[in-house]
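Order of listing sets the numbers, starting from 1, for every ligand and every atom in it. What's counted below: heavy atoms across the whole structure, side chains too, no hydrogens, waters or symmetry copies.
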Amino acid sequence: MNKLYAIPFSHPSIAAHLMLERAGVPHEVVNFPMGLHPVFLRARRFPGSTVPALILDGCRVQGSLAISRAIEARGPAGILFPVDPAARERVEEAERWGESELQPIPRRLFRWTMAGNPAIRRRVLQRAGLPLPGIAARVMKPIVTRFARSANANDATVRADMEGLGMLLDRVDALIAEGTIGGPEPNAADFQIATSLAAMLAFEDLVPSIENRPAADLARRLVPPYPGKVPAVVPAGWTRAA
Ligand SMILES: N[C@@H](CCC(=O)N[C@@H](CS)C(=O)NCC(=O)O)C(=O)O
């Protein structure tokens, strides 16, 4: 059986799952406990320490960009990338941009929030199914702090993300308007970008910037909503009408 390794709430892991579904690839999703995932990944002989990680037809594939290509190579041709080379280049570029620019935004905000807010940490861990969430929230403090550091999530970077969000969302809306994403047959860039947008829609802080845009429609059409919302925590002066 093909296996997709993930951690709870990981948006690129959700992208990988949706792409496998789109291509009709039977698979099982295995969620590792947050923080222990590097140990589990190493035990399964994956070279890197991040999810999504996939065993597809016996081969190890790690990272959402490698996974979309492996699924496309398995076929049917055109399931995640256009067959026309110029159109494929546009989708690949949008996908790369989504992975490098958009994907880190909800990750940084999530890790910064988890590290700095014990009450939210408790709620999120409870939603992730951890027993004794009060104790788990205390035990997890050093782990989420390390997570925040590894994603370079701090006041300065989160503030800069908030200020730059409008421009990123403009680019998503432009990609939809030009037809690179948002068409009737979702491609790899659709899944890469829409899952980051769905993760953003799980933050009360970000909803007002996104909810009335074509970007929000794309996320709602392609990605199941996250369970519950992370309460607003970003200082008022950091958010800009986007
Ligand atoms: N850009 C990579 C990054 C994946 C990534 O950073 N995943 C996070 C979860 S959303 C992760 O595994 N983090 C674990 C860690 O940083 O140790 C991709 O698209 O696969």
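- Under the 30°/60° scheme for interplanar angles, the aromatic rings of W112 and W238 are found to be tilted.
- Close approach to P52 involves these atoms of ligand 1, each under 4.0 Å from a residue heavy atom: 20 (O).
- Under a hydrophobic-cluster definition in which Ile, Leu, Val, Met, Phe, Trp and Tyr are linked whenever side-chain heavy atoms come within less than 4.5 Å, directly or via other members, L65 and V91 are assigned to different clusters.
- Set against the non-hydrogen atoms of P12, the atoms of ligand 1 under 4.0 Å away are 10 (S), 19 (O).
- For the residue pair E99/S64, the side-chain donor-acceptor check at 3.5 Å is not satisfied.
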Take L206 and L201 through the test side chain to side chain contact (heavy atoms under 4.5 Å, CB included) and record every step on the way to the result. CA-CA 6 Å; L206 303 188; L201 283 168; over 6 Å; no

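- Annotation: atom 10 (S) of ligand 1 to nearest protein heavy atom, S10 OG, 3.3 Å.
- Contact annotation for M34 and ligand 1: no heavy atom of the residue comes within less than 4.0 Å of the ligand.
- Taking any N or O of Q103, backbone or side chain, at least one lies under 3.5 Å from an N or O belonging to ligand 1.
- Considering backbone and side-chain N/O of G63, none are found under 3.5 Å from N/O of ligand 1.
- Ring geometry for F32 versus F40: interplanar angle under 30°, hence parallel rather than tilted (30 to 60°).
- Considering both main-chain and side-chain atoms, Q192 never comes within under 3.5 Å of ligand 1 through any nitrogen or oxygen pair.
- The shortest N or O to N or O distance between E99 and ligand 1 is below 3.5 Å.
- S68 and E95 share a donor-acceptor pair across their side chains, judged by distance under 3.5 Å alone.
- With atom 8 (C) of ligand 1 as the reference point, the heavy atom nearest to it among Q62, R146, R111, H11 is part of R111.
- Residue D84 comes nearest to A87 through the heavy atom pair OD2-N, 2.9 Å, listed as atom of the first residue, atom of the second, then distance.
- Contacts with ligand 1 closer than 4.0 Å are made by side-chain heavy atoms of R107 only, the backbone lying farther away.
- With a 4.0 Å heavy-atom cut-off, ligand 1 is reached by the backbone of S64 and by its side chain too.
- Electrostatic pairing of E101 and R108 does not count as a salt bridge here, judged by no charged N lying under 4.0 Å from a carboxylate O.
- For ligand 1, the atoms sitting less than 4.0 Å from at least one non-hydrogen atom of H37 are 14 (C), 15 (C), 17 (O), numbered in the order shown with element in parentheses.
- With respect to atom 12 (O) of ligand 1, the closest heavy atom belonging to the protein is V51 N, 2.8 Å.
- In summary, the aromatic rings of H11 and Y226 are positioned with their centroids too far apart to meet the 6.0 Å limit.
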